[in-house]
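The figures here come from the full heavy-atom set of this structure, side chains too, leaving out hydrogens, waters and symmetry mates. We name chains A, B, ... by the order of the sequence lines, and we start the count at 1 in each one.
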Amino acid sequence: MRAMLHRVWALMLKEFLALLKDRRSRTVLIVPPLFQLMVFGYAATFDLNQVPYALYNQDAGLASRELVSYFDGSRNFRQVANLNSQERIGPMVRDGQVLMALVIHPHFSKDLLSGRPGRVQVIVDGRNSNTALVLLGYVQSVVNAFSRDWARENGGGALPAELEIRAWFNPNLESRWFIVPGIAGLLTLVVSLLVTSLSVAREREAGTFDQLLVTPLRPVEILLGKALPGMVIGFAEATAIIVAGTLWFDVPLLGSLPALYLGLFLFLLSALGVGLMISSFSATQQQSLLGTFLFMVPAVILSGFATPIANMPPAVQTMTLANPMRYFLVVVRKVFLEGAGMDVLWGQYWPMAVIGLTTLAAAGILFRHRMQ
Amino acid sequence: MSATPGKNHAPACSIQGVSRAFKLAGKPVQALDQVSAQVAHGAVTGLVGPDAAGKTTLMRLAVGLLLPDEGSISVLGVEVGQDPQRVQALVGYMPQRFGLYEDLTVKENLDLYADLRDLAPEDRPPRYAELLGMTGMEPFQDRLAGALSGGMKQKLGLACALVKPTEMLILDEPTVGVDPVSRRELWEIVYRLVESEGLSVLLSTSYLDEAERCQEVVLLHQGKVLGQGAPGEFSRRMRGKSFLVKSGQNNRRRLQSLLARGPGVVDSVIQGDGVRLVMDKAAPPDLSGLGDAMTGLQVREEEPRFEDGFLALMGGRRHESQEPELQLIQRGAEASKARDTVIEVEELTKRFGEFVAVDRISFQVKRGEVFGLLGANGAGKSTTFRMLCGLLPPSQGRLRVAGWDLRRAPARARASIGYMAQRFSLYGQLSVRDNLSFFASAYGLGGERRRRMIAWALDEFGLAEVAEAPSAELPLGFKQRLAMAAALMHGPEILFLDEPTSGVDPLARRDFWRRINALAEQKVTVLITTHHLEEAEYCDRMVVMDRGQILARGTPHEMKSRWVTPENPNPSMEDAFIALLEEHRAPKEAA
Amino acid sequence: MTPESHLKLRRFSWRRLKGLWRKEMLQVVRDPSSIAIAFVMPLILLLLFGYAVSLDAKDVPLALVVEEPSAVSAAFTAGFEASPYFESRRAATIQEAEEMMRLGQVEGIVWLKSDFDSKLFSGEQAPIAVITNGVDANTARIVEGYVQGAWQRWLEDYAQSQGRELALPVEVEERVWFNAEVRSRNFLVPGLIAVIMTLIGALLTAMVVAREWERGTMEALMVTPVTVREILLGKLVPYFILGMGGMALSVAMAVLFFEVPLRGSLWVLSGAAALFMFTALGMGLLISTLARNQFVAAQVAIITTFLPAFMLSGFIFNIGSMPEVVQFITRFIAARYFVSILQSVFLAGDVWSILWHNALALAVMGALFLLLVAKKTKKRLD
């Protein structure tokens with residue numbers, strides 16, 4: 001047993017050196033993930049800020065100016081043009097200068113004062129349909145706020161029923177709270193693949209894998225030795241991301257750290273397993289790279305990172321069951337935002353463990369495969 | 001053939017005061033230092049020197065792949081530094097590893113280089129026919145280059161370099177990793193071209209028997225030219241200094257190690273059942289110091305060879321590595337289990353699909369033997385090796401190494417073997433020390449013992465000065481020593497060496513064999529494959545393989561004695577080998 | 001034979017270039033992985049993602065809690081039950097509904113308290129509590145929008161049943177241009193093409209130069225009279241053709257299979273695609289040339305292609321909403337320009353003001369990459 005630990009330790013040290021001795025390789029492993037965390041943390045948001053819009057106000061009354069001030073008072077909107085003809089709207093929207101045009105009809109103020117509904121037209125650029133939907137939501141809430149205040153001040157009839165909307169776990173619906181924990185999963189996945197997916201193929205091409213196989217190292221030990229550096233690097237980078245997420249991006253971390261780290265451990269196990277499996281299956285590094293992409297890209301897109309799994313067709317939803325990242329994203333989000341503990345996460349833990357053990361076993365079996 | 005008659009006698013390539021430095025592990029290394037030399041027109045000039053002498057650097061400078069720090073080179077009257085493209089258009093060049101696209105066929109490779117060298121389509125069919133005829137490759141035009149044997153790749157590489165008729169051909173180590181038959185054929189082709197087309201050839205080699213075939217030799221050592229001249233001039237200086245000491249008993253290895261320490265001995269190698277000596281003065285060796293163990297010795301003066309002159313020139317410079325005796329080899333408890341036959345192979349067969357790589361071979365190796373596995377490229381040697389080491393499952397047959405089938409053996413069985421793969425596979429990014437440390441730990445060495453072994457390996461194999469350098473940046477000879485040190489860290493009982501001297505210079509090869517002999521003295525069993533047939537002399541016993549089968553087996557003496565004829569009363573190992581292969585192949589090719 | 005010393009040396013030769021092209025094409029044919037990258041990958045990825053990636057929430061599980069059922073509340077909940085956006089279930093108590101949400105069984109709760117009817121009839125404002133799961137803020141917001149829509153329809157119906165017009169002070173008429181049904185697939189599929197093509201461009205070329213260095217063939221190439229320009233064109237053109245083949249396949253799938261309208265002209269699309277392909281291949285070649293070693297080249301390709309193209313191209317996340325610094329960084333992502341072009345050409349038509357500056361940016365980036373590659377590819381080994 002001690003001999004085994006000793007050998008595994010040696011292999012692990014060797015893997016570390018092989019990864020970190022080369023300056024370029026070291027840089028690739030450390031700098032881009034942290035840089036990407038910062039950039040993506042800011043970039044990845046569905047919230048719209050300062051949406052440029054064009055105003056075409058055909059009404060000279062007070063009410064219309066008040067409505068516009070509601071828009072300009074919101075940080076979501078930024079008026080970039082005040083038009084005086086309908087014709088100019090088309091080119092502005094088409095050319096992407098504005099995402100939205102707000103058209104206020106000529107008799108808006110008069111209608112309002114006389115108790116008729118004032119009419120407003122909103123034109124939205126639908127090229128990005130999600131932006132369009134979100135934008136319409138914003139417009140709706142700005143207009144509602146105006147209506148409510150107008151009704152109160154001008155003694156109009158109150159609505160018979162009012163919606164009181166509350167959002168749990170994320171009261172201001174900041175999508176950053178949703179995305180930043182997801183980035184922890186994303187970058188952890190990429191780093192684990194970087195560390196493992198080329199490692200066996202590289203040794204095969206260099207001929208050192210044979211050397212390894214004739215030493216007393218057993219396949220299990222080779223697996224451990226190759227997976228552990230990924231584990232260590234993965235833990236370190238994930239921790240950095242979690243710290244940055246809470247301290248820098250102010251995402252609340254409500255749940256238990258042990259629950260999070262158990263999930264991280266199992267996720268790393270499965271990601272490293274997949275990486276090693278790709279690597280031991282490939283004869284060349286070119287094939288490894290192809291394999292890595294063929295796993296990584298669907299794993300990210302089908303994980304629920306940006307688009308909910310629930311929106312996918314049933315067949316695709318079934319496919320996502322084999323994706324370890326899907327489970328980890330649930331764990332990390334539930335722990336961060338919902339304050340979940342281990343008790344509600346078992347349903348996420350065991351599939352990752354199964355994927356990890358299966359892929360690692362497959363990698364071990366494939367070690368001796370592809371020998372000419 | 002060539003342009004103006006007056007040009008005929010100008011040198012094809014003239015190198016003047018060229019210097020070039022590189023960085024190795026952050027330290028500058030002077031690869032070439034004020035080198036001046038000439039390559040004669042219409043002749044074969046050999047660039048000879050030990051590893052890291054600067055041969056490849058010089059060739060790369062000559063074709064404009066590198067620029068000199070100082071000095072100038074002109075090739076066929078063109079200044080390389082000023083118009084490298086013109087030189088590249090004029091010269092045919094074959095790099096190490098031949099520069100072939102392995103996923104293209106023979107014909108496609110030729111087409112590519114014909115295109116790149118701007119050979120007009122109408123000139124191609126006759127040129128292809130000529131080249132393919134000369135290299136004997138007509139039947140293989142549609143075969144992928146990757147599927148060719150090493151010897152055929154080499155010939156294809158040559159054909160590609162020659163696809164456009166040129167005046168000058170530059171070949172960088174064209175015969176490394178190639179079997180003796182193919183090597184002989186390459187030389188025949190080169191000389192035919194020199195005679196028929198008036199080609200000037202510059203080639204580098206570390207095989208000294210090949211240097212002898214050159215018309216002129218430039219001897220390079222540590223970036224400096226030690227001499228230039230006909231190979232005969234180098235050997236002539238050695239007249240009266242070469243001797244053969246013959247002993248009646250079968251103890252040549254012991255004899256050699258004793259003689260090597262004798263006063264005035266520059267070089268000693270085993271040859272036949274005796275030991276060949278080169279002395280620093282023209283006087284026979286002093287045998288009085290050998291003691292009583294050696295009796296009945298006969299001393300005979302030998303015809304000097306180029307190698308002798310080479311070693312004499314180098315000898316004074318490499319004294320430090322004169323006597324690398326392995327002292328520290330330790331062995332596990334297993335060693336005590338006295339088993340006389342340590343490797344047993346019975347009816348071993350390996351098939352890859354339809355192709356039979358190894359065809360029902362059987363042999364046995366005894367403890368402490370140095371056993372050679374010889375054969376042309378593609379004979380099945382490496383496949384056999386890989387099966388023995390447990391890297392490849394046999395299709396049929398039985399094998400036992402130290403009583404185990406290594407493929408199914410427990411870890412501790414594998415601890416009793418050492419393996420040195422072809423190409424000296426090491427972790428290139430790791431330093432020499434890290435490589436040693438890793439292999440020591442992988443074999444279960446720890447703590448004080450590992451530290452001692454690493455210190456021993458660094459010292460014993462002359463690696464101390466490069467201990468912190470990444471192994472990928474080391475010259476080949478250093479890599480070879482490091483690979484061997486790594487295979488020996490745990491004191492194995494059995495050592496598998498797959499082409500351990502391929503591309504390595506003669507001095508390093510001598511060091512290597514001294515170590516092997518020392519190991520054999522300590523009852524370590526050594527299994528080795530090689531293309532250097534003079535090395536086969538050092539084996540106790542050997543088998544010669546061809547196309548997966550064993551053609552012959554026996555001691556070096558037995559192998560050679562079959563081919564003694566009145567015309568060739570003293571055949572070399574290479575003569576015997578080639579005769580054997582020809583005898584074996586002739587009926588098949590006729591059929 | 002001509003005397004060699006009088007040899008006419010061509011600084012550019014079609015024969016050499018064609019020789020290199022043929023070599024590269026043969027290698028592609030022999031190694032099916034290149035073909036797989038160019039044609040099979042876009043096919044699979046586009047099929048998978050075209051279906052999978054959708055921001056349109058449908059059948060959102062919703063818990064309805066009605067503490068005191070009545071005709072009015074039944075009319076209200078019927079709206080939810082009939083809606084295609086929701087899959088509503090009943091919960092007897094708010095505690096039960098909250099538990100369902102905690103377990104992730106529902107994404108939202110609509111709660112009519114016991115005093116709903118009485119307040120409604122007494123003319124007081126009757127509160128309807130809506131709780132959403134805010135973890136996925138985007139989905140939560142979309143759910144809110146749907147709930148509001150259902151609520152407004154109910155208000156109108158209710159007002160009508162009471163015999164009076166609903167007097168909402170402001171009436172908003174919504175128009176979504178270019179994508180009237182607000183189908184997210186219409187904007188995601190063109191974006192996906194850009195992301196997938198970024199990967200393919202890099203994958204095709206990232207290894208090819210490094211591989212020649214490792215196998216020693218680069219050295220053999222360099223000692224022929226071939227020029228740097230020829231080597232580069234020799235690498236670029238074959239993979240360009242291959243990449244464009246993949247692009248054509250993707251566009252065809254988008255139009256024929258996913259029924260994304262192609263409102264712009266095909267030749268504008270082809271021109272932009274060609275520009276983008278040059279940029280993507282140029283980036284792959286640059287990685288390969290700088291790395292000279294397949295391991296590092298692969299690592300760099302993994303980390304610099306997919307995620308930036310996915311996150312920073314505007315394919316999913318709106319660039320305009322990012323902080324200035326990040327917006328500046330996105331300027332270095334070639335996919336960003338192509339996403340913008342694709343979304344316009346597909347959905348809006350040939351909008352030149354958008355096209356020309358994005359195309360210019362692509363051209364500048366592509367030229368820069370190739371210039372760097374040319375500068376770094378010397379016919380020397382040091």
Side-chain angles (χ1 to χ4, degrees), chain B residues 1-4 7 20 22 57 59-60 63-67 76-78 83-105 108-109 111-121 123 144 146 157 160-161 164-168 170 172 197 428-429, chain C residues 1-34 208 211-231 233-234 292-296 299 377-382:
Chain B
M1 184 59 226
S2 40
T4 42
K7 270 199 160 181
R20 171 77 204 203
F22 287 105
T57 308
M59 298 206 141
R60 287 177 170 173
V63 289
L65 284 178
L66 293 172
L67 285 183
L76 299 171
V78 181
D83 195 352
Q85 199 199 356
R86 183 168 295 276
V87 172
Q88 286 153 1
L90 290 173
V91 170
Y93 172 79
M94 180 166 84
Q96 285 177 16
R97 295 194 280 162
F98 320 133
L100 297 173
Y101 288 90
E102 306 223 324
D103 38 7
L104 263 55
T105 65
E108 286 159 359
N109 267 294
D111 280 337
L112 170 66
Y113 283 100
D115 283 333
L116 294 180
R117 296 199 165 275
D118 261 325
L119 184 66
D123 295 339
L144 290 183
C160 287
K164 180 157 193 185
T166 58
E167 275 186 75
M168 180 156 186
I170 297 182
D172 193 2
E197 299 187 9
Q429 324 83 339
Chain C
M1 262 172 267
T2 45
E4 302 290 356
S5 42
H6 295 203
L7 170 123
K8 209 168 101 243
L9 191 60
R10 278 188 228 124
R11 301 295 165 179
F12 180 81
S13 149
W14 276 109
R15 182 175 292 149
R16 292 198 293 252
L17 191 55
K18 275 190 238 160
L20 287 173
W21 286 345
R22 193 163 55 231
K23 174 212 90 180
E24 211 73 37
M25 277 304 187
L26 283 168
Q27 285 189 300
V28 165
V29 174
R30 300 274 148 77
D31 176 12
S33 75
S34 300
V208 292
R211 195 171 56 190
E212 295 221 21
W213 279 113
E214 278 187 8
R215 294 186 184 168
T217 47
M218 193 54 107
E219 188 181 339
L221 274 192
M222 286 189 162
V223 288
T224 67
V226 77
T227 59
V228 169
R229 198 163 36 156
E230 287 158 3
I231 291 181
L233 282 177
R292 271 200 197 184
N293 140 355
Q294 293 193 70
F295 181 69
V296 177
Q299 282 192 326
T377 311
K378 277 193 226 116
K379 278 192 71 181
R380 296 237 177 76
L381 293 173
D382 45 351

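- Taking 4.5 Å as the limit, every side-chain heavy atom of C:K18 sits out of range of all side-chain heavy atoms of B:D115.
- Partners of C:V228 according to the side-chain contact (heavy atoms from CB on, under 4.5 Å) rule, which considers only residues two or more places apart in sequence or in another chain, are C:L232, C:T377, C:K379.
- The side-chain heavy atoms of C:T224 and B:R117, taken from C-beta on, include a pair separated by under 4.5 Å.
- Taking the side chain as every heavy atom from C-beta outward, C:R15 and B:P121 approach each other to under 4.5 Å.
- The two atoms that bring C:A220 and B:P95 nearest to each other are CB-CG, 3.8 Å, heavy atoms only.
- Proximity to chain C is limited to the side chain of B:L144, based on heavy atoms less than 4.5 angstrom apart.
- Interface remark: C:E230 contributes no atoms to any contact with chain B (heavy atom separation under 4.5 Å).
- Per-residue heavy-atom pair counts under 4.5 Å with chain C were compared for B:Q88, B:E102, B:Q96, and the maximum is reached by B:Q88.
- Looking only at distances, a side-chain donor or acceptor of B:Q85 sits under 3.5 Å from a matching main-chain atom of C:P225.
- Of the atoms belonging to B:A120, heavy atoms from both backbone and side chain fall under 4.5 Å from chain C.
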Steps toward side-chain contact (heavy atoms from CB on, under 4.5 Å) verdict (B:L65, C:V223): CA-CA 7 Å; B:L65 284 178; C:V223 288; 3.6 Å; yes
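- Listed here is the closest heavy atom pair of B:T105 and C:R30: N-NH1, 3.8 Å.
- Rounding to the nearest 0.5 Å places CG of B:L104 at 9.5 Å from CZ of C:R22.
- For B:L112, the side-chain contact (heavy atoms from CB on, under 4.5 Å) partners at least two apart in sequence or on another chain are B:Y101, B:L116, C:L20, C:K23.
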Verdict with reasoning, C:Q27 to B:E108, per side-chain contact (heavy atoms from CB on, under 4.5 Å): CA-CA 11 Å; C:Q27 285 189 300; B:E108 286 159 359; over 6 Å; no
